[in-house]
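In what follows, a structure is listed as structure tokens, so that the remarks can point back to it.
What you see below is based on every heavy atom in this structure, not just the backbone, and it leaves out hydrogens, waters and symmetry mates. Note on naming: letters A, B, ... go to the chains in the order of the sequence lines (proteins, then strands), and numbering restarts at 1 for each one.
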Amino acid sequence: MPELPEVETTRRGLLPHVAGRRVANVLLRRPDLRWPIPREVEALLPGQRIEGIRRRAKYLLLDTAAGSALLHLGMSGSLRVLPGDTPVRAHDHVDIALDSSRVLRFNDPRRFGCLLWQAPGETHPLLAALGPEPLSDDFDGDLLFLRSRGRSAPVKTFLMDQAVVVGVGNIYAAEALFMAGISPLRAAGKVSRGRYQALADAVKAILAHAIQRGGTTLRDFISPDGAPGYFEQELLAYGRGGEPCPRCGRPLKQAMIGQRASVWCGHCQR
DNA sequence: CTCTTAACCTGGACGC
DNA sequence: TGCGTCCAGGTTAAGA
């Protein structure tokens, strides 16, 4: 489900409800999601004051003096702030009850998400090898160009590699490549510096705009207050295989690239 | 290293 | 109505 804009939308939605609140209780309805939930979550989190929420790549970190809860929403996860007496629904796996009598509830049907722990001053191994944030000045066309030299994988696969740049998933990779006029099938190592500059600009523009629209809701993404995202209606390529290209009118192609459904225009994207 | 493939898991859409 | 198949926004692990 969530790429960077959806995770950032979640962060912004949670922040006013969570920052400064104290954790009253932690309830795990199952011991694991993608991985076992470490004992620190139950042992250390209760009683802590949540100082803030950070996002790194598609991860969220709930910061406390005792350490940080590290969350990933996987494909189907969502976090909501609800009244403490809200009835539990299927796949409500974790409750973090707050001293405001509300509860931060983690729902994840497919359980590809995770809840882990990062000790103060440490960097969790999952965060260690991540590439730069796409909306930061550390990310630009030169970085894509330099890191792609000698690589034969399709540029779409390269762009979705979280070690290259974080936050770009299947939706926004398709959109950015469409906007930049680059075929997703082209070998990453054969894209020019100038075209990578256009691609980096497209990534930044699309992610920033999607955040502004509250993310993309395809099936089930919801922000913490229950609102959907409104970017879906602006998607130009993703999910539109066979439809006319918005630029030239020819039918958009669809195929699997790196085991992910991909849509592009064979005329406008080279 | 880089690249490809399979796997994790559930639910919804679709075809018969 | 029911059942089988395929597909889904992510990521890791294993093997070549």
Side-chain angles (χ1 to χ4, degrees), chain A residues 1-10 29-37 55-60 70-79 89-93 106-116 124-131 134 146-177 184-190 203 206-207 210-211 213-223 228-242 254-263:
Chain A
M1 163 176 55
E3 302 182 36
L4 186 148
E6 292 72 43
V7 179
E8 180 61 22
T9 295
T10 297
R29 295 197 178 80
R30 54 175 302 134
D32 63 312
L33 296 166
R34 176 177 192 147
W35 293 295
I37 297 169
R55 180 189 57 73
R56 173 69 176 112
K58 300 171 190 171
Y59 294 90
L60 290 171
L70 178 63
L71 292 137
H72 195 293
L73 302 177
M75 290 273 269
S76 58
S78 60
L79 283 165
R89 300 197 290 186
H91 313 299
D92 283 341
H93 303 308
F106 187 10
N107 181 286
D108 186 4
R110 292 175 73 179
R111 302 204 306 275
F112 287 177
C114 61
L115 170 51
L116 299 168
H124 194 280
L126 287 173
L127 306 184
L130 294 172
L146 293 171
R147 295 220 43 182
S148 63
R149 291 309 90 184
R151 295 185 63 159
S152 61
V155 61
K156 176 165 180 271
T157 305
F158 171 74
L159 185 61
M160 291 172 65
D161 182 347
Q162 303 296 297
V164 173
V165 58
V166 303
V168 183
N170 203 32
I171 295 177
Y172 299 109
E175 296 301 302
L177 287 163
L185 288 168
R186 181 166 296 279
K190 296 199 166 178
V203 166
I206 287 163
L207 294 181
I211 290 170
R213 307 289 280 126
T216 298
T217 296
L218 292 186
R219 276 163 277 279
D220 50 12
F221 172 73
I222 42 172
S223 68
Y230 295 100
F231 194 69
E232 178 184 8
Q233 53 216 43
E234 300 183 39
L235 296 176
L236 298 177
Y238 180 88
R240 296 189 182 276
Q254 173 154 0
M256 299 296 275
I257 301 174
Q259 311 205 114
R260 308 302 298 275
S262 305
V263 178

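With sequence neighbours left out, A:Tyr238 forms a ring pair (Phe, Tyr, Trp, His ring centres under 6.0 Å) with no residue at all. The salt bridge (charged side-chain N to carboxylate O under 4.0 Å, His left out) test applied to A:Glu232 returns no partner, not counting sequence neighbours. Residues passing the salt bridge (charged side-chain N to carboxylate O under 4.0 Å, His left out) test with A:Arg34: none are found, sequence neighbours excluded. For A:Arg186, there are no salt bridge (charged side-chain N to carboxylate O under 4.0 Å, His left out) partners at least two apart in sequence or on another chain. Taking the salt bridge (charged side-chain N to carboxylate O under 4.0 Å, His left out) definition, one finds that A:Arg260 meets it with nothing, sequence neighbours left out.
As a whole-Å value, the separation of A:Met75 CE from C:dA8 C1' is 5 Å. When rounded to the nearest whole Å, the span between CG of A:Leu70 and P of C:dT11 equals 12 Å. Rounded to a whole Å, the CZ atom of A:Arg110 is 10 Å from the P atom of C:dG10. Per the geometry, CD1 belonging to A:Ile171 stands 11 Å off P belonging to C:dA8, to the nearest Å. With rounding to whole Å, A:Asp161 atom CG is found 13 Å from B:dC1 atom P. Atom CG of A:Asp108 and atom C1' of B:dT10 are 10 Å apart (whole Å). Atom CD in A:Glu232 sits about 13 Å away from atom P in C:dG9, given to the nearest Å. In this structure, the CG atom of A:Leu71 is 17 Å from the P atom of C:dG10, given to the nearest Å.
Looking at A:Asn107, its side chain does come within 3.5 Å of a backbone N or O of A:His91 through a donor-acceptor pair. Between the A:Arg147 side chain and the A:Ala163 main chain, a donor and an acceptor come within less than 3.5 Å of each other. Checked by atom type and distance alone, the side chain of A:Glu175 never pairs as donor or acceptor with a backbone atom of A:Leu235 at under 3.5 Å. Here the side chain of A:His93 pairs a donor or acceptor atom with the backbone of A:Asp108 at under 3.5 angstrom. When atom types are taken as modelled, the side chain of A:Glu6 and the backbone of A:Thr216 share a donor-acceptor pair closer than 3.5 angstrom.
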Give me, pair by pair, the N or O atoms of the protein and of nucleotides 4-6 of chain B that are less than 3.5 Å apart, along with how far apart they are.
residue	atom	partner	partner atom	Å
B:dA6	N7	A:Gln259	NE2	3.1

Protein-nucleotides 11-13 of chain B N/O pairs closer than 3.5 Å?
residue	atom	partner	partner atom	Å
B:dG11	OP1	A:His91	NE2	2.7

Between the protein and nucleotides 12-16 of chain C, are there any N/O to N/O pairs under 3.5 Å, and if so, what are the atom names and distances?
residue	atom	partner	partner atom	Å
C:dT12	O4'	A:Arg34	NH2	2.9

For nucleotides 2-7 of chain C, list the nitrogen or oxygen atoms of the protein found under 3.5 Å from its nitrogen or oxygen atoms, one pair per line.
none

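Rounded to the nearest 0.5 angstrom, A:Leu73 CG and A:Phe106 CZ are separated by 5.5 Å. The structure places NZ of A:Lys190 at 15.5 Å from CZ of A:Arg151, a figure rounded to the nearest 0.5 Å. Once rounded to the nearest 0.5 Å, the distance linking CG of A:Leu60 with NE2 of A:His72 reads 9.0 Å. Expressed to the nearest 0.5 Å, how far CE of A:Met75 lies from CZ of A:Phe112 amounts to 6.5 Å. The CG atom of A:Leu4 sits 5.5 Å away from the CD1 atom of A:Ile211 when rounded to the nearest 0.5 Å. Here the straight-line distance linking atom CG of A:Asp92 with atom CZ of A:Arg30 works out to 12.5 Å at 0.5 Å rounding.
Between A:Phe231 and A:Tyr172, the ring planes lie tilted relative to each other; the angle falls in the 30° to 60° range.
Paired regions of DNA chain B, where each region holds three or more successive Watson-Crick or G-U pairs whose two hydrogen-bonding distances fall under 3.5 Å, are B:2-8 with C:10-16, B:10-16 with C:2-8.
Residue A:Tyr238 is classed as a sugar-phosphate contact, given heavy-atom separations below 4.0 Å to backbone atoms only. Note on A:Arg260: a base of the nucleic acid sits closer than 4.0 angstrom, heavy atoms only.
Side-chain to base pairing of A:Arg111 with B:dC9: no donor and acceptor N or O lie closer than 3.5 Å to each other.
C:dT12 and B:dG11 have their P atoms separated by 24 Å, with the value rounded to a whole Å. Separating the P atom of C:dC7 from that of B:dT5 is a span of 15 Å, rounded to the nearest Å. Here the separation of C:dC3 from B:dC9, taken at their P atoms, is 23 Å to the nearest Å. For C:dT11 and B:dG12, the C1' atoms lie 23 Å apart once the distance is rounded to whole Å.
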Cut-off 3.5 Å, no hydrogens considered: what does the side-chain donor-acceptor table look like for residues 152-159 of chain A, sequence neighbours left out?
residue	atom	partner	partner atom	Å
A:Lys156	NZ	A:Asn170	OD1	2.6
A:Lys156	NZ	A:Ser262	OG	2.8

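For the segment residues 162-169 of chain A, the set of residues with a heavy atom within less than 4.0 Å of an atom of DNA chain B is empty.
By the 4.0 Å N-to-carboxylate-O rule, A:Lys58 lies too far from A:Glu3 to be salt-bridged with it.
In this pair, A:Phe112 does not lay its aromatic ring on the base of B:dC9; centres under 5.5 Å and planes under 30 degrees do not both hold.
Residues A:Thr9 and A:Ser223 approach most closely at CG2-CB, 3.9 Å, considering heavy atoms.
Phosphate contact (OP1/OP2 of C:dG10, side-chain N/O of A:His72, threshold under 4.0 Å): absent.
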